[in-house]
Amino acid sequence: MNYSKYIPLYLLLLVIGIGTAQNLDKKIDAIIAKEYPEDGPGISLLVAKDGKPIYRKAFGMANLELQVPLKPENVFELGSITKQFTAVSILMLQEQGKLKITDEITKYIPDYPTLNKTITIYHLLNHTSGIKSYTDLVNFQSTARLDKTPSEIIDVFKNEPMDFEPGEKFRYNNSGYILLGYIIEQVSGVSYQEFINKNIFKPLGMKHSYYGNNSDIIPNRAAGYKMDSDGYANSDYLSMSLPYAAGSLMSTIDDLLKWQNAINSNKLISKESLDSAIHGSELNNSEHIPYGFGWGEQDVKGSKGYGHGGGIFGYTTNEIYFPKENIYVVGLTNCNCKSVGATTVKVAALALGKPFPTMADVVKVDINELNKWVGNYRFEDGALRIIYIKDGQLISQRQGSNEFKIYPLGNNRFMFEDGTIEYLFSGENGKRKVEMTTQNGKTTGEETEDVEPIQNSKYSEINVPIETLKIYTGEYELAPNFILTITQENDGLFAQATGQPKIQIYPFEEDKFFYKVVDAQLTFNINKDGISESVVLHQNGNNIPGNRKN
């Protein structure tokens, strides 16, 4: 007898729901386990749907020396996710009539030297002020242990030359959020820490969130780590007074869900204020930029969202919210040895039902089908990528860079091994094209007869000792979750940005290198101890600084 017809429909739906949830758990577990081994620093990860957790786990160790495993309740330093709280605080004060984001900053900091420029709160919020970021100054690392008041931090950068005219460019800038914290104090009459505690943490029940402190006993604090040549090491000491309103808050995945739910329900600021913060902003020429106020626009396989990442001594963080699907993903790690951004994007894609492909999705394609796409393709940024077959395997190689195997997902669709970069070929009956999709968007390459590498003729390569090249190796953060990794292979130096291929760079001075495949250069800043503290990427008229992360 078939008893299934007697099973109530709601029970069948419940069984289906449980099976789907378990399947999602297994897939997320597989991603995390591959990237965060049990015996190393780890990650606390939460996925929420409609404001409630559907995945909540931790992997790895909270303390390597004591062999204490991580748990979801662990507290992490948030780094630049702090900027969300600062931006919302400013918008709260605006709704209370205590300031306007169109106000010039000298209304609240009268003695700030603006060099006759009009710098507004708006410029601070969206990183378009042109003020020099204090974390990019050469001496930042050497003073990281020193406690400073907000005024003393401002004194460090206020007399530095401007990078550009206010509103003319976007350049991620921690100094702007230091100034915002100071303005919050001037307007509210209380410290930034007290304002956040009184107006955000306590009303929302964020009982495990703090303004960072190195001496207080903070229950469940996860120890922070870095990676050096000998393996994992305790992170360098950083006075938590220095990140201030740009990066000093600490929290848990559960408290951050409370925060996101409050943002969604307009408990702290109105929908109008939130919209102004999450949908990007504009430069003086009306050009749209994806960064708004404390949040940046996100796109994962066509699903639009907003979020922010953070990186600070010993920790990396990232969170993304998708309004249409009402899905929130947050990942907190206790090592700045790798960016958590790629991990949260992969998990978000799973939760959205748009998973990135894996090696399990690779199919077998006839060699004649592979041959259809062999050729040279010139991309929108000028890069030349060569597609060819080697040992029966389709290869993609950017001119001047390393070769990468690409795996078929169909006759005209291919993926790189980690699944976050895909190629979609078309136009077999005419001029062929390839659409490349990465975490940063899409770009198209068209078939070309070009075969010669693009040579940067402005510079002449010089010889630099191998021992000197070693100084520059490491990871440099050009923006939250956008890392430039410098590696040495034999007698050459290579640069690889997040989501991009590895490219060789060549010295034209001992601390200056150039790319041969694009018009770009790197300048490394060496401190008195002979350590490379930071790098500046010079490209398309921009000078993008990045501090060393390890």
| task | Could you tell me the separation between the OG atom of S44 and the CD1 atom of I32, rounded to the nearest 0.5 Å? | result | 10.0 Å
| How close do I131 and S175 get, heavy atom to heavy atom, and via which atoms? | CG2-CB, 4.0 Å
| remark: Taken to the nearest 0.5 Å, the spacing of S188 OG from E194 CD works out to 8.0 Å
| field | Pairwise distance CG(N197) to CG(L249) - rounded to 0.5 angstrom | value | 9.0 Å
| said: Between V156 and K148, is the side-chain contact (heavy atoms from CB on, under 4.5 Å) condition met? List the steps. | reply: CA-CA 10 Å; V156 169; K148 292 182 184 292; 4.2 Å; yes
| task | Name the orientation class of the two ring planes belonging to Y321 and Y328 (parallel below 30°, tilted from 30 to 60°, perpendicular beyond 60°). | result | tilted
| request: Specify whether W295 and W259 have parallel, tilted or perpendicular ring planes, treating 30° as the upper limit for parallel and 60° as the lower limit for perpendicular. | output: parallel
| Working for side-chain contact (heavy atoms from CB on, under 4.5 Å), residues D136 and N547 | CA-CA 6 Å; D136 296 333; N547 286 326; 4.1 Å; yes
| Under 3.5 Å donor-acceptor, Q67 side chain and L64 backbone | yes
| Pairs where residues 73-82 contributes a residue and the test side-chain hydrogen bond (donor to acceptor under 3.5 Å, both in side chains) is met, not counting sequence neighbours | R56-E73, S80-K83, S80-Y172
| query | For the ring pair F293 and Y122, is the centre-to-centre distance below 6.0 Å? | reply | yes
| task | Kindly state whether the ring of Y291 and the ring of H308 have centres lying under 6.0 angstrom apart. | result | yes
| note | In this structure, CG of L180 is separated from OG1 of T86 (nearest 0.5 Å) by 7.0 Å
| Salt bridge between K271 and D275, side-chain N to carboxylate O under 4.0 Å? | yes
Pair up each side-chain donor or acceptor in residues 298-306 with any protein partner under 3.5 Å, not counting sequence neighbours, and list the distances.
| unit_1 | atom_1 | unit_2 | atom_2 | d |
| --- | --- | --- | --- | --- |
| D299 | OD1 | G302 | N | 2.8 |
| D299 | OD2 | K304 | NZ | 2.6 |
| K301 | NZ | P355 | O | 3.1 |
| S303 | OG | E325 | OE2 | 2.9 |
| S303 | OG | K354 | NZ | 2.7 |
| Y306 | OH | Q260 | NE2 | 3.3 |

| message | For a quick test of reading the model, state the closest non-hydrogen atom pair linking D228 to A233 and the distance between them. | response | OD2-CB, 3.6 Å
Using a 3.5 Å cut-off and no angle test, enumerate the donor-acceptor pairs between side-chain atoms of residues 199-212 and protein atoms at least two apart in sequence or in another chain.
| unit_1 | atom_1 | unit_2 | atom_2 | d |
| --- | --- | --- | --- | --- |
| N199 | ND2 | F195 | O | 3.0 |
| S209 | OG | S251 | OG | 2.7 |
| S209 | OG | D255 | OD2 | 2.8 |

| Shortest non-hydrogen separation from A223 to N63 and the atoms involved | CB-ND2, 4.1 Å
| Ring centroid separation for F524 and Y476, is it under 6.0 angstrom? | yes
| request: To the nearest 0.5 Å, tell me how far N264 CG sits from L257 CG. | output: 9.0 Å
| remark: Heavy atoms of D103 and K107 approach each other most closely as OD2-NZ, 3.8 Å
| Option from L352, L24, L46, I28 for which side chain to side chain contact (heavy atoms under 4.5 Å, CB included) with V347 holds | I28
